[in-house]
Amino acid sequence: MSDPFVLTVSQPIDLPSTLASGQCFRWRLASDDVWTGVIGGDMVRLWATPEGIGVASAPTPPAELAESLASYLRLDDDLPVIQARIAVDPHVRDGIEHYPGLRLLRQDPWETLAGFILSATSNIARISRTVELLATSFGEPIDLDSERRHAFPRPEALAEAGEQRLRQLGCGFRAPYLARAGAAVADGALRLDALRGAPYADVLAELTALHGVADKIADCTMLFSLDRMEAFPADRWVRRVVVDRYGLPPNITYDGVRQWARERFGADAGYANQYLFWHIRQETRAQRSGSV
DNA sequence: TAATAACCTCGCAA
DNA sequence: ATTGCGAGGTTAT
């Protein structure tokens, strides 16, 4: 590998909460606060330094990765400014105070869509496992030092793998959804790159045209990969928050939550969502391990 | 339009 | 160890 490189960062960024808060599925804590993951065709190691983020990578040398890494980490988002806008909400402020360096990521749209198709009635541990299994089965190998990881498979690869093979790899009832989504992207019926920056309603319609993709998975894909920062993915945890702590009716529709979030947080709804989501998840986990 | 069952397996707790 | 429950949803009825 080439020499490590330090990406100078003036924005707040906390690697553990950013990389482990459920928006991405390929980062592992290697050792001593060093994170290992795969971004596109590169294996990447990241660690915190006083000046910013230490980077090691292959096959692209880390110095040449700076620009795409800054994009991936959304360093173009002025987090303190965004936080100041949404911290008027007490529960969001609580999340920000616990995870002040939690940032949203700008990931690859296909990988993000595929990952969240796999997320239906699943959990982060299982999604991560399945994504890794898909990568080792159908993705290009990447070596960094003595470690080998694999790129996330191209849409063609999952389309060709087909439902039965994907079921064998543990995708369950999501297997046909994933294969068909891969086919749609591969044959050009769904042009994900063209959707970045397109109007929310248009992107939503394109994504939910896929079998196995409805509002929630579409919102995750939009927020984590397509720059639609007003998306507010309302999963069961976020719904629990808005019902229990904000008093919204328990039977409120998905679109009802969406409109509420849009009115309350506007273009920053996605960041508010992530702070609410991760805070409630960590709180719940702490309660569980403490109550045994 | 609203409610309910069914869907594949796996992770986790008891 | 083994069992039972619920998991970052979506579709079909």
Which is true for [X] with a 4.0 Å heavy-atom rule: it touches a base, it touches only sugar-phosphate, or it touches nothing?
{"X": "G212(A)", "result": "sugar-phosphate"}
{"X": "V213(A)", "result": "sugar-phosphate"}
{"X": "I124(A)", "result": "base"}
{"X": "L210(A)", "result": "sugar-phosphate"}
{"X": "S128(A)", "result": "nothing"}

Using atom P of each nucleotide, how far apart are dA5(B) and dG6(C) to the nearest Å? 15 Å
Starting from the 5' end of DNA chain C, give me the residue, Y177(A) or S21(A), whose nearest nucleotide shows up first. S21(A)
What's the [atom1]-[atom2] distance between [X] and [N], to the nearest Å?
{"X": "L118(A)", "N": "dC7(B)", "atom1": "CG", "atom2": "C1'", "answer": "15 Å"}
{"X": "I117(A)", "N": "dA7(C)", "atom1": "CD1", "atom2": "P", "answer": "22 Å"}
{"X": "L178(A)", "N": "dC8(B)", "atom1": "CG", "atom2": "P", "answer": "14 Å"}
{"X": "I252(A)", "N": "dT1(B)", "atom1": "CD1", "atom2": "P", "answer": "17 Å"}
{"X": "I127(A)", "N": "dT9(B)", "atom1": "CD1", "atom2": "P", "answer": "17 Å"}
{"X": "D235(A)", "N": "dG6(C)", "atom1": "CG", "atom2": "P", "answer": "17 Å"}
{"X": "L133(A)", "N": "dT9(B)", "atom1": "CG", "atom2": "P", "answer": "13 Å"}
{"X": "R285(A)", "N": "dG6(C)", "atom1": "CZ", "atom2": "C1'", "answer": "15 Å"}

Watson-Crick or G-U wobble partner of dG4(C), both distances under 3.5 Å: dC12(B)
More than 12 heavy atoms of other groups within 6.0 Å of Q168(A) CD: yes
Is the number of heavy atoms from other residues, nucleotides or ligands under 6.0 Å of R264(A) CZ greater than 12? yes
Kindly assign one of parallel, tilted or perpendicular to the pair W260(A) and Y246(A), based on the angle between their ring planes and the thresholds 30° and 60°. perpendicular
Classify the ring geometry between F232(A) and F265(A) as parallel (under 30°), tilted (30 to 60°) or perpendicular (over 60°). parallel
Whether the side chain of R126(A) and the base of dC8(B) hold a donor-acceptor pair under 3.5 Å is what I'd like checked. yes
Any N or O donor-acceptor pair linking the side chain of R129(A) to the base of dC10(B) at under 3.5 Å? no
Do R262(A)'s NZ or CZ and the ring of Y200(A) fall within the cation-pi criteria of under 6.0 Å and 45°? yes
Tell me whether E283(A) is salt-bridged to R245(A), with the criterion being a basic N under 4.0 Å from an acidic carboxylate O. yes
Taking for E163(A) and for N123(A) the nucleotide of DNA chain B with the nearest heavy atom, the one nearer the 5' end belongs to E163(A)
Is there a side-chain polar atom (N or O) of H211(A) under 4.0 Å from OP1 or OP2 of dA12(C)? yes
Under 4.0 angstrom between R174(A) side-chain N/O and dC8(B) OP1 or OP2: no
